[in-house]
Participant: 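Take this structure first; my questions come after.
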Amino acid sequence: MKSKYILAISAILALIPQICNAQAQIVQYQTFIYTSESLSQEIQKVNDMQESDATRRFGTDLLDATLNAGKGLASGYVTSFIDMGVNAIASLVTRNARLKDEWLKSVEAENSWSTNINTIEQVKDFYERPSRSGALDPKGMVFDGIGCLRMDGNDTLFFISCHVDRSKLYRIVNHSKFELVLDTLIINPAESNLPNTTLPIEFSFDERNNFNLNVKIRLTSSWFTDAIELHTDELLGEFTINIPVERDDLDENGRLHYIRKSGEIPEYEVVGESFIVPRSYMGFRDENDNYDNIWGTGQYNIAIELKESCGITDSYRENWKKDRKYRKSITPHDGLMANVWESISTQKWDEITRSWIITTLSAPAGVISNKLIEEMKLAVPKPQAPASAGNTAAKKK
C-alpha cells in the first residue's frame with residue numbers, strides 16, 4: 001500500500017509545471033483527492049463480519065460500463081481577488097513607524113496566514129458505479145482521502161496526506177459515516193508563509209514561537225431524493241487537524257517529518273467525521289420498458305482551509321527598536337505594499353495516480369500573466385456581450 005502512494009506522489013511531482021519565477025511572490029499548492037479500487041472490498045468484508053440480516057447486504061454490481069469517461073477533461077478559472085492577509089499588513093506596516101505599539105501591531109498582524117482551496121467543479125464519483133440498493137449504498141466507494149503539497153522546485157516545503165481510517169470502516173456499515181487518519185506530514189517553518197508580510201523577512205524561532213498549522217476540511221454535496229426533494233450544498237462533514245511545531249520537533253534539515261507506520265496510533269489526530277455522499281435518485285425504464293430505480297455515483301465538493309499562526313519571543317519584543325530600524329531600511333521607498341492577490345486554479349483527473357489534482361496558485365495582482373494562465377492550461381471564460389451588442393457587431397461584418 002505504501003509503495004502505491006510513493007509511486008503516486010512521484011508521478012504527481014513530475015506533472016507540476018515549472019512556472020514559479022524566483023523574483024515573484026507566488027504561492028502554489030497541489031491538492032489531491034485520493035481514490036482506491038480496493039476500499040469497497042474492505043468495507044464489504046467488515047459488513048460480512050458484522051451483519052447477518054440479508055436485507056442489509058450490499059447490492060450486486062450495476063451496469064457494465066464505468067461512468068468515468070469525462071474525468072480526463074481539465075477545467076479551471078481565474079478569480080480577481082484572494083485574501084491572503086497581506087491587505088491587512090499593508091495598512092499596518094509603515095515606513096514611519098515610531099512607536100512600540102505600532103511596531104507590535106505590525107508584527108502581530110504578520111503572525112497569522114490563511115488560504116482556502118476548493119474544488120472547482122463537483123467531483124463526480126464518490127462511488128465507482130450507480131446502485132439499485134439505495135442512496136447510501138457504500139458498495140463501490142472509491143473516495144479515499146485528501147492530500148496537499150507545496151513545492152519549491154524539487155524541495156518539499158509542506159505536505160499532508162490523510163486517508164480513510166481503515167480501523168473504523170465499521171462506522172460506514174453501522175452509521176454511514178467515515179473518519180480520516182493522518183499518514184504523512186512534512187512542515188518546514190522556515191519556508192512557511194510566516195511572517196505574513198511582503199517584506200523580505202524569514203521565519204525564525206529566535207523571533208517567533210508557538211508555530212501552529214491548522215487544517216480544516218469540509219465535504220458538501222447536492223443530491224435528488226426519490227421523494228422528489230432537492231438538497232443543495234449540504235454539509236456532510238468536517239475534519240480538523242491541529243499541529244503545533246517547536247524547534248525540537250525539526251530534523252537536521254529544519255523540517256518536521258512524520259510518517260505513520262502501519263497499525264500505529266497516529267501522533268496527530270484528525271478530529272471529526274463525515275457522512276458518506278448520498279447518491280442522487282433517478283428513475284428509468286429498461287429495454288423491456290420496465291420501470292426501475294437507480295441511484296448515482298455521488299457528486300461532492302471539498303473545501304480546505306490552511307492556517308498558519310505563531311507568537312513573538314520575549315527577546316524579539318525587547319529588541320523592537322533594532323527591528324523597526326531594519327524594517328525601515330528594507331521597506332520600498334514608495335511605501336506601498338501589494339494588497340490585492342489573484343488566484344488561479346485548475347482541476348483535473350490523473351489516470352496514473354487515480355486521483356483528482358487541484359492546482360491553486362496565488363500571487364500579487366499583475367504577477368499572474370496570460371502566459372502563466374496558458375502554461376496551466378486554463379480555459380479562462382470570456383465575458384459575454386449582450387445580445388444587442390452581438391447583433392450590432394454581426395451587422396457591421
Side-chain angles (χ1 to χ4, degrees), residues 33-75 119-144 164 169-178 219-237 274-302 347-352 354-356 379 381 384:
I33 301 178
Y34 304 123
T35 67
S36 171
E37 297 177 353
S38 63
L39 178 58
S40 179
Q41 298 175 0
E42 296 178 56
I43 298 172
Q44 180 69 55
K45 290 179 181 178
V46 174
N47 180 74
D48 289 343
M49 289 188 294
Q50 289 196 171
E51 186 57 57
S52 58
D53 184 356
T55 61
R56 291 284 305 277
R57 295 293 184 186
F58 299 160
T60 58
D61 284 342
L62 181 65
L63 302 183
D64 294 329
T66 61
L67 301 182
N68 297 328
K71 280 186 173 179
L73 300 177
S75 59
T119 49
I120 299 169
E121 299 176 343
Q122 284 195 339
V123 180
K124 298 177 176 62
D125 301 298
F126 192 85
Y127 310 95
E128 183 181 12
R129 298 173 182 273
S131 170
R132 279 199 175 101
S133 300
L136 293 178
D137 175 17
K139 187 174 182 66
M141 176 176 166
V142 292
F143 170 85
D144 194 22
V164 172
L169 293 183
Y170 64 88
R171 299 210 64 206
I172 297 177
V173 176
N174 294 346
H175 310 294
S176 298
K177 293 181 178 181
F178 67 91
L219 192 151
T220 59
S221 178
S222 300
W223 68 94
F224 199 73
T225 73
D226 54 354
I228 323 301
E229 296 175 342
L230 177 63
H231 294 260
T232 304
D233 296 329
E234 297 279 1
L235 177 64
L236 298 181
S274 175
F275 286 101
I276 60 176
V277 174
R279 299 169 181 264
S280 195
Y281 170 80
M282 183 186 73
F284 76 103
R285 292 187 180 277
D286 61 20
E287 58 185 6
N288 297 318
D289 201 33
N290 295 318
Y291 193 79
D292 205 346
N293 298 322
I294 189 172
W295 287 265
T297 55
Q299 289 189 326
Y300 62 98
N301 287 318
I302 293 288
Q347 176 178 316
K348 66 179 181 180
W349 169 258
D350 183 70
E351 190 66 29
I352 298 175
R354 304 293 299 172
S355 64
W356 288 91
Q384 295 181 350

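The basis for the numbers below is simple: all heavy atoms, side chains too, and nothing from hydrogens, waters or symmetry mates. What you see is a predicted model, and the numbers here were worked out from it, not measured in a lab.
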Participant: Roughly how far, to the nearest 0.5 Å, is the OG1 atom of T119 from the CG atom of N301?
Facilitator: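 It comes to 4.0 Å.
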Participant: When you measure from the side chain of N288 to the backbone N and O of N290, does any donor-acceptor pair fall under 3.5 Å?
Facilitator: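 Absent.
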Participant: Checking D233 now: which residues fulfil salt bridge (charged side-chain N to carboxylate O under 4.0 Å, His left out) with it, not counting sequence neighbours?
Facilitator: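 D233 satisfies salt bridge (charged side-chain N to carboxylate O under 4.0 Å, His left out) with no other residue.
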Participant: Could you tell me if the side chain of Y291 sits less than 4.5 Å from the side chain of D289, heavy atoms only?
Facilitator: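 When only atoms from C-beta onward are counted, Y291 and D289 do not touch, as no gap falls below 4.5 Å.
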Participant: Is there a side-chain contact (heavy atoms from CB on, under 4.5 Å) between E37 and V142? Walk through the geometry before answering.
Facilitator: CA-CA 6 Å; E37 297 177 353; V142 292; 5.6 Å; no
Participant: Report the distance from atom CH2 of W349 to atom CZ of R354, rounding to the nearest 0.5 Å.
Facilitator: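 Those atoms lie 4.5 Å apart.
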Participant: Quick one: pull up OG in S280 and CG in L230 and give me the separation to the nearest 0.5 Å.
Facilitator: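 Spacing of OG (S280) from CG (L230) equals 8.0 Å.
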Participant: Does some side-chain heavy atom of V173 sit less than 4.5 Å from a side-chain heavy atom of P138?
Facilitator: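 Counting from C-beta outward, P138 and V173 never come under 4.5 Å.
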Participant: Are Y281 and F224 an aromatic pair, judged by ring center distance below 6.0 Å?
Facilitator: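 Judged by ring-centre distance (under 6.0 Å), F224 and Y281 do not meet the cut-off.
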Participant: Would you mind telling me which of Y127, W356, Y300 makes a ring-ring contact (aromatic ring centres under 6.0 Å, His included) with F143?
Facilitator: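 For F143, the ring-ring contact (aromatic ring centres under 6.0 Å, His included) check succeeds only for Y300.
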Participant: Is it the case that the ring center of F178 lies less than 6.0 angstrom away from the ring center of F275?
Facilitator: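 Ring-ring flag for F275/F178: false, centres at least 6.0 Å apart.
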Participant: When rounded to the nearest 0.5 angstrom, what distance separates CD1 in I43 from CG in L169?
Facilitator: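 Between I43 CD1 and L169 CG, I get 5.5 Å after rounding to 0.5 Å.
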Participant: On a heavy-atom basis, which atom in L39 and which in S36 lie closest, and how many Å separate them?
Facilitator: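 Answer, listing the atom of L39 first, then S36: N-OG, 3.3 Å.
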Participant: Between the side chain of S221 and the main-chain N/O of Q299, is any donor-acceptor distance below 3.5 Å?
Facilitator: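 The answer is yes, because a donor-acceptor pair under 3.5 Å joins these two groups.
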Participant: Answer whether the closest heavy-atom distance between the side chains of N293 and R132 falls below 4.5 Å.
Facilitator: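 They are not in contact (no side-chain heavy atoms under 4.5 Å apart), so the answer is no.
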Participant: Cut-off 3.5 Å, side chains only: do S355 and D350 have a donor facing an acceptor?
Facilitator: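 Their side chains do not contain a donor-acceptor pair, so the 3.5 Å distance test is not met.
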Participant: Any donor and acceptor pair, going by atom type alone, linking the side chain of T297 with main-chain N or O of P130 inside 3.5 Å?
Facilitator: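 No.
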Participant: Of all the heavy-atom pairs spanning L235 and L219, show the shortest one and how long it is.
Facilitator: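 For L235 and L219, the tightest heavy-atom pair comes out as CD1-O, 3.6 Å.
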Participant: What is the minimum heavy-atom distance between Q347 and V123, and which atoms define it?
Facilitator: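 Here Q347 and V123 meet closest at NE2-CG2, 4.3 Å.
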Participant: How long is the span from the CD atom in E128 to the NZ atom in K139, to the nearest 0.5 Å?
Facilitator: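 Those atoms lie 10.0 Å apart.
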Participant: Run the numbers on H231 and T225 for side-chain contact (heavy atoms from CB on, under 4.5 Å), then give the verdict.
Facilitator: CA-CA 8 Å; H231 294 260; T225 73; 3.7 Å; yes
Participant: Which pair of heavy atoms, one from G140 and one from S40, lies closest together, and at what distance?
Facilitator: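 For G140 and S40, the tightest heavy-atom pair comes out as N-OG, 2.7 Å.
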Participant: Give me the atom names and distance for the closest heavy-atom approach of G296 to R279.
Facilitator: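 Residues G296 and R279, closest heavy atoms: O-NH1, 2.9 Å.
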Participant: Work out which heavy atom in S222 is nearest to a heavy atom in T232; give both atom names and the distance.
Facilitator: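 Nearest heavy atoms, S222 then T232: OG-CA, 3.4 Å.
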Participant: CE of M282 to CD1 of I294: how many Å apart, nearest 0.5 Å?
Facilitator: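 If I round to the nearest 0.5 Å, the distance is 5.5 Å.
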Participant: In sequence, state the C-alpha distance, the side-chain angles, and the governing distance for E234 and W223, and then conclude on side-chain contact (heavy atoms from CB on, under 4.5 Å).
Facilitator: CA-CA 9 Å; E234 297 279 1; W223 68 94; 3.7 Å; yes
Participant: Please assess V277 against L236 for the test side-chain contact (heavy atoms from CB on, under 4.5 Å), listing each intermediate value before the final yes or no.
Facilitator: CA-CA 7 Å; V277 174; L236 298 181; 3.9 Å; yes
Participant: Using atom types as modelled and distance alone, determine if a side-chain donor or acceptor of S133 lies under 3.5 Å from a backbone N or O of D137.
Facilitator: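 Not at all, since once roles are kept as given, no pair shorter than 3.5 Å links the two residues.
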